[in-house]
Amino acid sequence: MRIDRRQLLTLAGASGVGLAATVAGVSTAPALADPKHHVDPFTLGVASGDPQPDGVVLWTRLAPDPVVADGLGGMSRHVVPVRWEVAEDERFRHVVKHGVERATPELGHSVHAEVHGLRADREYFFRFRTGNAVSPVGRTRTAPSFLSKPRELAFAFVSCSNYPTGHFTAYRHLAEEELDLVLHLGDYIYEGPAAGTLGRAHLPAAEIFSLADYRVRHAQYKTDPDLQLAHARFPWAVTWDDHEVENNYADEISEDAAQDPEPFLRRRAAAYQAYYEHMPLRRSQVPHGPDMRIYRRLRYGRLAEFNMLDGRQYRSDQTTDPAQLDDPARSMLGAEQEKWLIDGLSHSAGTWNILAQQTVMAKADRDPGPGEILPNDNWNGYEPARQRLFDDVARRRIENMVVVTGDAHCSMVADLKQNFDDPSSRTVGVEFLGTSVTSGGDGAPMDQRGTEWLASNPHMKFYDARRGYVRVTADNRELRTDYRAVPAVTTPDAPVSTIASFVVEDGRPGIA
């Protein structure tokens, strides 16, 4: 059943839940002309994101008491002016841009400053001020101009950072890399009540449903110093998976089959708003109740284009019914996003066409025998949609499609075949699945799933189940991935090492 979104917004407003679609900076609350802060309001750090050739988004949120249960972060219900500054040097002797944003209670006193007029492909430093308080300093970098051909691009991708299950050491090592951009591919937070054994129990100490709950959970994650460091060091481009709302949801359908769409969409609206409030996203991503367009495209000159996908908000429901699995009407991305993606790939000016997305795309059979055991929450449960994408890539002669993926809590590399049942069929791209930051605990080089995958899927070239991130460097000739892993996340300060590296050559699809 499809619920009327306008009706939902009306009901949400009447209930006082605060599921807002509000213009950033617009508020009916009274303003504080000269705020005085007796406690540091910048406890959640600073971040930047979605770089363009002439600017970036700068983010912070005022929260002197970040995990207070009401979700207000210790702030009063006033509008607070926040000044931002961008400089060419870390000491701010050469400030090149500045402005003021209004942090409103409607958006959790979050700040999203869209800066323009910067030089392309340049490093900058930024900070915020409000009253007598000054934020930490962040570092960012603009994208190259659209017509340029950069010599090299360096980025990393991460996913699945479950606070109770481990220390965010991978984020600290990530912050020590030399990168232009970080991609987060989903499961930035987890919605459950987990406590773990490390003294990192979730707050609130229950599964979260309300806007206040989601604000507290996001704020708790943002208090982690390793995560703050990684955000302050590089611009990020983010997308979500399921745990930012609820495990394995599909569009307006909850994992709980007994739940009606209306209460679930209320929950989704709360989750989307809190997500926006805590991420360096543009005003064009401000949610409208339970709807928020997060798929978008970032260009790095003529070297690379990033297609940031949304594999949750528009997908058909999961099914195990063989007849439904083969239904061509079923979609992972929804018709509009599917068209947007293939049209963008067809007209790409980039050498490398990168799909930054959530769930495993390659065929992932776990039965080494003649049968098949396939999951239904990733692209294996949406085979007609995957086939449409691959056939379009082949028909339109789209080259250098590189899919980077999260969600599965393991590392895997696979050639993407137009027909996975025929190993000699055309390779249309390559998939690099990145492991989790902490989800799943310490992990190991190999586990049962890895043994089954490598035995059952000849297109898979590598598997590992330790935690970490993937570093990627690309130039005009090749794209290289380095899988970086830590031996443990249940103890702090674990070292990082490169456990495997792979190369894709320009114009030659698949692993070299």
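Within 6.0 Å of CD in E123 there are more than 12 heavy atoms belonging to other residues, nucleotides or ligands. Counted within 6.0 Å of CZ on R330, heavy atoms from surrounding residues, nucleotides or ligands total more than 12; the atom is thus considered enclosed. The environment of R297 atom CZ is dense: over 12 non-hydrogen atoms of other residues, nucleotides or ligands sit within 6.0 angstrom. More than 12 non-hydrogen atoms from other residues, nucleotides or ligands lie less than 6.0 angstrom from CD of E152.
When each of H218, R215, R61, H112 is checked for a side-chain hydrogen bond (donor to acceptor under 3.5 Å, both in side chains) with E277, only R215 meets the rule. Across H202, H184, H243, H278, a single residue satisfies ring pair (Phe, Tyr, Trp, His ring centres under 6.0 Å) together with Y221, and that is H202. Evaluated for a salt bridge (charged side-chain N to carboxylate O under 4.0 Å, His left out) with R312, the options D241, D251, D407 yield exactly one hit, D241.
Looking at K417 and S425, their side chains never bring a donor and an acceptor atom within 3.5 Å of each other. With hydrogens and angles left out, the side-chain atoms of S348 and N353 include a donor and acceptor closer than 3.5 Å. Residues T498 and D482 bring no donor and acceptor atom of their side chains to less than 3.5 Å of each other. Between the side chains of S331 and E338, a donor-acceptor pair is found at a separation under 3.5 Å. Judged purely by distance below 3.5 Å, without hydrogens or angles, the side chains of Q324 and D327 never pair a donor atom with an acceptor atom. Using a 3.5 Å distance cut-off with no hydrogens or angles, the side chains of Y190 and S439 do pair a donor with an acceptor. Residues Y171 and Q228 bring no donor and acceptor atom of their side chains to less than 3.5 Å of each other.
Seen from the ring of F157, R471 does not count as a face-on cation partner, given the 6.0 Å and 45° thresholds. Judged by the 6.0 Å distance and 45° axis criteria, R139 is not positioned over the aromatic ring of F125.
Aromatic ring centres of F306 and F155: separated by under 6.0 Å. Under the 6.0 Å cut-off for aromatic ring centres, Y249 and F264 qualify, their centroids lying closer than that. The distance between the ring centers of H459 and F420 falls below 6.0 angstrom.
Relative orientation of the Y483 and F432 rings is tilted, given thresholds of 30° and 60° on the angle between their planes. Between F168 and Y163, the angle of the ring planes goes over 60°, which puts this pair in the perpendicular group of the 30/60° scheme.
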> Which is it for R396 and D343 under the salt bridge (charged side-chain N to carboxylate O under 4.0 Å, His left out) test, yes or no, and what are the steps along the way?
Replying inline: CA-CA 10 Å; R396 302 194 191 196; D343 286 350; 3.4 Å; yes
>> D506 vs N400, test: side-chain hydrogen bond (donor to acceptor under 3.5 Å, both in side chains). Steps then yes/no.
In response: CA-CA 6 Å; D506 175 30; N400 298 339; 2.7 Å; yes
>> Set out, in order, the CA-CA distance, both residues' side-chain angles and the distance that settles ring-ring contact (aromatic ring centres under 6.0 Å, His included) for W240 and Y188, then state yes or no.
In response: CA-CA 7 Å; W240 51 41; Y188 187 97; over 10 Å; no
>> What verdict does the side-chain hydrogen bond (donor to acceptor under 3.5 Å, both in side chains) test give for S497 and R484, after you've listed the backbone C-alpha separation in whole Å, the side-chain angles of each residue and the deciding distance to 0.1 Å?
In response: CA-CA 5 Å; S497 62; R484 304 275 282 162; over 6 Å; no
> What do the steps show when you test Y300 against K149 for side-chain hydrogen bond (donor to acceptor under 3.5 Å, both in side chains), and what is the final call?
Replying inline: CA-CA 8 Å; Y300 270 69; K149 193 99 174 190; over 6 Å; no
>> Assess the residue pair D256 and S254 against the criterion (side-chain hydrogen bond (donor to acceptor under 3.5 Å, both in side chains)); give the C-alpha distance rounded to whole Å, side-chain angles, the decisive distance to 0.1 Å, and a yes or no.
In response: CA-CA 5 Å; D256 178 4; S254 168; 5.3 Å; no
> How far apart are the C-alpha atoms of D317 and T319, what are their side-chain angles, what is the distance that settles it, and do they pass the side chain to side chain contact (heavy atoms under 4.5 Å, CB included) test?
Replying inline: CA-CA 6 Å; D317 194 15; T319 184; over 6 Å; no
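With respect to the salt-bridge test (charged N to carboxylate O, under 4.0 angstrom), the residues D224 and R200 qualify. Here R296 pairs with D50 in a salt bridge; the nearest charged N to carboxylate O distance falls below 4.0 Å. A salt bridge between E252 and R268 is absent, with no side-chain N of the basic residue lying under 4.0 Å from a carboxylate O of the acidic one.
The CD1 atom of I499 lies 3.5 Å from the CG atom of D464; values are rounded to the nearest 0.5 Å.
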